[in-house]
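Atoms within a ligand are numbered from 1 in the order they appear, just like the ligands themselves. The first residue in the sequence is number 1, and the count goes up from there.
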Amino acid sequence: MTYSTNGRRVLITGGTGSFGKTMVRRLLDRGVGEVRVLSRDEAKQDDMRRQLGDDRVRYHVGDVRDYDSVLRASRGIDYVFHAAALKQVPSCEFFPLEAVRTNVLGSANVVEAAERNGVGSVVVLSTDKAVHPVNAMGMSKAMMEKVAQAHARNNPNSATTVSCVRYGNVMYSRGSVIPLFIEQIKAGRAPTVTDPGMTRFLMSLDDSVELVEHAFQHARPGDIFIRKAVACTVGDLAEAVCELFDVPAKLDVIGVRHGEKQDETLASREELAQADDFGDFLRVPLDARDLNYALYVSEGELGRGPREDFNSANAPRLGVPEIVELLRTLPEVRAELALRDPVLAC
Ligand SMILES: O=c1ccn([C@@H]2O[C@H](COP(=O)(O)OP(=O)(O)O[C@H]3O[C@H](CO)[C@@H](O)[C@H](O)[C@H]3O)[C@@H](O)[C@H]2O)c(=O)[nH]1
């Protein structure tokens, strides 16, 4: 089934974040009837209200942890993009139950409320850290994916299609390493690098929005969509930022933080064995068998498939010059360069 948002009502949980703001603008450009933003922070909502000045956007102060607030916010809604989450790896390590409350139970509330209100489609935003998770943030997101898939498995006749998207590090997202490196360089300090050999996927905000739109257009219940992405080492990333700002590439190596992985995985080999390849995107379908495995023995499949996961160590790797070029395409980086020296921005 394909969907259109033209004239429809859409709810974005966590709608004042980087993803939410970009998505709201796109929906407004495409003639959405109403966008509801559900989030906790009234000040951020007020900033957004003044910036956008569009009365098709309605603001709901509330928390996905509170089922009643989600139920109210999703009344009369056609589609939901669920972005509200606790996302910082180190803070979730210190407060894992908070990650469970928001990322697992909050997501269950969103799915349940959508089902109750007859919403047509819910796209749930997940992360590469949910695959082979080692930290509380990734574990809670892995459980969120399971909650979304269980809805599909347990409600085969539901009017609500629930799907997930998984993506890697979004460049320049709030609190992430690229703006941190830039701040450090501006303050005359060397960028702090955890482990120069650590690898991460690189995605732009637009890539992440397109992935959500792709899922929205193509999802069958319980699907997980992944966007193929390039990767780099954090050492090369720091060097690229130094080069862009024309400072010597001297790195301050600080060691790995709580719960960090050396490399991230977008799709496990088991998922790749089942996945459909759409060029830029992969679809991992729901395993819709029921618990009576005996039914499947005669047609059971052996676990043949790729020998490797798709991870940030074996993904196409960008070197320093390519990262420099990629960073130059980011509006925030261009703005910083223009402030520092208009010549560097060119
Ligand atoms: O001072 C620092 C801080 C971080 N890093 C490294 O930079 C990389 C990226 O770090 P960061 O931007 O903090 O992102 P992650 O911890 O990888 O997590 C981000 O990326 C995830 C996707 O993988 C999202 O789900 C999370 O919400 C988001 O915080 C990691 O290798 C860090 O070890 C440094 O080298 N120096």
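Looking only at heavy atoms of the protein, atom 10 (O) of ligand 1 is closest to Arg257 NH2, 3.7 Å. Taking atom 35 (O) of ligand 1 as the reference point, the nearest protein heavy-atom neighbour is Thr194 N, 2.9 Å. For atom 18 (O) of ligand 1, the closest non-hydrogen atom of the protein is Lys129 NZ, 3.2 Å. Closest protein heavy atom to atom 25 (O) of ligand 1: Thr127 OG1, 3.2 Å. Closest to atom 14 (O) of ligand 1 among all protein heavy atoms lies Asn169 ND2, 3.2 Å. Atom 32 (C) of ligand 1 has Glu260 OE2, 3.0 Å as its closest protein atom, hydrogens excluded (heavy atom only). The nearest heavy-atom contact from the protein to atom 5 (N) of ligand 1 is Val177 CG2, 3.4 Å. Looking only at heavy atoms of the protein, atom 8 (C) of ligand 1 is closest to Val234 CG1, 3.4 Å.
Near Met198, meaning under 4.0 Å from one of its heavy atoms, ligand 1 places the atoms 30 (C), 31 (O), 33 (O). For ligand 1, the atoms lying closer than 4.0 Å to a non-hydrogen atom of Lys87 are 26 (C), 27 (O), 29 (O). Remark: ligand 1 atoms within the under-4.0 Å shell around heavy atoms of Ser176 are 12 (O). Distances below 4.0 Å separate heavy atoms of Met137 from the following atoms of ligand 1: 25 (O), 26 (C). Here is the list of ligand 1 atoms found below 4.0 Å of a heavy atom in Gly168: 22 (C).
Distances between N or O atoms of Arg200 and those of ligand 1 include at least one value under 3.5 Å. Residue-to-ligand polar distances place Thr192 within reach of ligand 1: an N/O pair is separated by less than 3.5 Å. Between Asp128 and ligand 1, at least one N/O pair is under 3.5 Å apart.
Residues Ala275 and Pro285 approach most closely at CA-CD, 4.2 Å, considering heavy atoms. Here the shortest heavy-atom pairing between Thr192 and Phe181 reads O-CE2, 3.1 Å. The shortest heavy-atom contact between Asp223 and Arg220 is OD2-N, 2.8 Å. What you find for Arg200 and Gln262 is that their closest heavy atoms are NH1-O, 3.5 Å.
Between Arg50 and Asp46 there is a salt bridge, with a side-chain nitrogen of the basic residue lying less than 4.0 Å from a carboxylate oxygen of the acidic one.
Between His214 and Phe278, the gap from one ring centroid to the other is short of 6.0 Å.
Applying the side-chain hydrogen bond (donor to acceptor under 3.5 Å, both in side chains) definition to pairs two or more places apart or across chains, those involving residues 10-22 are Thr13-His82.
Members clustered with Leu266: Phe201, Ile224, Ile226, Leu272, Leu282, Val284, Phe310, by chain and number, using a 4.5 Å side-chain heavy-atom cutoff among hydrophobic residues.
The side-chain tip of Arg340 does not point at the ring of Phe245 from less than 6.0 angstrom away and within 45° of straight on.
Counting heavy atoms of neighbouring residues, nucleotides and ligands inside a 6.0 Å radius, atom CZ of Arg317 exceeds 12 of them.
Contacts of Leu180 with ligand 1, taken as heavy-atom pairs under 4.0 Å, involve the side chain alone.
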Exercise. Passes salt bridge (Lys or Arg N to Asp or Glu O under 4.0 Å), Lys228 versus Asp277? Steps please.
Worked result: CA-CA 10 Å; Lys228 295 177 193 167; Asp277 196 327; 2.8 Å; yes
